[in-house]
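See structure below.
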Amino acid sequence: MTPLEHHWRQVLDRLQAAANRFGRPAPTLLAVSKTHPASAIRALFERGQRAFGESYWQEAEAKLTELADLPIEWHFIGPLQSNKTRPIAEHFHWVHGVEREKIARRLSEQRPTHLPPLNICLQVNLDGEASKSGVAPEDVLALAQAVKDLPNLKLRGLMCIPEPREDFEQQRAAFARMGASLQQLKDAGFEGLDTLSMGMSDDLEAAVAEGSTIVRVGTAIFGARE
Ligand SMILES: *Cc1c(COP(=O)(O)O)cnc(C)c1O
């Protein structure tokens, strides 16, 4: 077994162990391949990994081209500038970081109509950090209302990158607020919401405990980024 496959299997084992411990289904593992080469993506795909996450179009473009023979599910998890949405709307299956109505409108307008709707998550700035993007927790409902009828998008749920915390219970408490926010949308009548995109290499167990359905893991699979 290669080191890459070994690390990937370790992450799958961590997810399953957390799912068992907290009585939750194991979430989908999104392998965050930013900064790592197409060859590593291909190697993991051959072992059975299907969903990969990229953060920058400039970097992703060459990899998507090189891997066009594989039915990979591509997730865009990076920051979105409104003048750079077109290739993302055209080439990805999911976008996790939607934080403004204007971006959502452009993604919908630019999504080719022969493709299925683009799955989107609203990014929540859970801890109100100035350095992070995302909609304030109190504005999630309004943004969801603004994007829910855009024709070529499918609102699937919420995504967050919480402040790094060492303490497990504190990690859990942050993720619990995401679960509550998703429930609030469901209570308001939103349908088809099935996604909490939360948990990364250092906090995935806490995310699973609070009902994560997609964990986004880079370092623990591919090693440290430059
Ligand atoms: C890079 C990145 C990740 C992966 O983080 P790791 O700590 O390497 O697991 C997850 N989510 C987003 C949005 C990222 O940009």
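Here the structure is a predicted model, which means the values were calculated and not measured. All ligand and atom numbering here is 1-based and tracks the order in the structure.
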Checklist entry - Heavy-atom count around K154 NZ within 6.0 Å, excluding the residue itself: above 12? => result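 It does not: K154 NZ has 12 such atoms or fewer within range.
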Nearest protein heavy atom with distance in Å, relative to [atom]:
atom                    : answer
atom 10 (C) of ligand 1 : M200 SD, 3.2 Å
atom 8 (O) of ligand 1  : T219 OG1, 2.6 Å
atom 12 (C) of ligand 1 : I77 CD1, 3.5 Å
atom 1 (C) of ligand 1  : K34 NZ, 1.4 Å
atom 9 (O) of ligand 1  : S201 OG, 2.5 Å

Checklist entry - S55: heavy atom below 4.0 Å from ligand 1, yes or no? => result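 Contact check S55 vs ligand 1: positive.
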Checklist entry - For ligand 1, is there an atom lying under 4.0 Å from some heavy atom of H96? => result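 No, H96 has no heavy atom closer than 4.0 Å to ligand 1.
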Item to check | Pair H96 + H75: ring centers closer than 6.0 Å | outcome: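 Yes.
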Checklist entry - Applying the side chain to side chain contact (heavy atoms under 4.5 Å, CB included) test to L158, which of T195, L185, L126 qualifies? => result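 Testing each of T195, L185, L126 against L158, the sole residue satisfying side chain to side chain contact (heavy atoms under 4.5 Å, CB included) is L185.
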Checklist entry - If we only count N/O pairs under 3.5 Å, is I161 in contact with ligand 1? => result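 Checking ligand 1 against I161, no N or O pair falls under 3.5 Å apart.
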Checklist entry - Using 4.0 Å as the upper bound for N to carboxylate O, is an ion pair formed by R100 and D139? => result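 Between R100 and D139 there is no salt bridge, as every charged N stays at least 4.0 Å from the carboxylate O atoms.
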Checklist entry - Using 4.0 Å as the upper bound for N to carboxylate O, is an ion pair formed by E61 and K63? => result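 No, no charged N to carboxylate O under 4.0 Å.
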Next on the checklist: Between S201 and A220 (side chain of the first, backbone of the second, donor and acceptor by atom type, cut-off under 3.5 Å), is there such a pair?
Outcome noted: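 Between the backbone of A220 and the side chain of S201 there is a qualifying donor-acceptor contact (under 3.5 Å).
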[X] heavy atoms, cut-off 4.0 Å: which ligand 1 atoms fall inside?
X    : value
G218 : 4 (C), 6 (P), 8 (O), 9 (O)
R216 : 4 (C), 9 (O), 10 (C), 11 (N), 12 (C), 13 (C)
V217 : 9 (O)

Next on the checklist: Tell me whether the rings of F22 and F168 are parallel (<30°), tilted (30 to 60°) or perpendicular (>60°).
Outcome noted: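 The arrangement is parallel - the two ring planes meet at less than 30°.
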Checklist entry - Atom CD1 in I72, atom CD in E54: separation rounded to 0.5 Å? => result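 Between atom CD1 of I72 and atom CD of E54 there are 9.5 Å.
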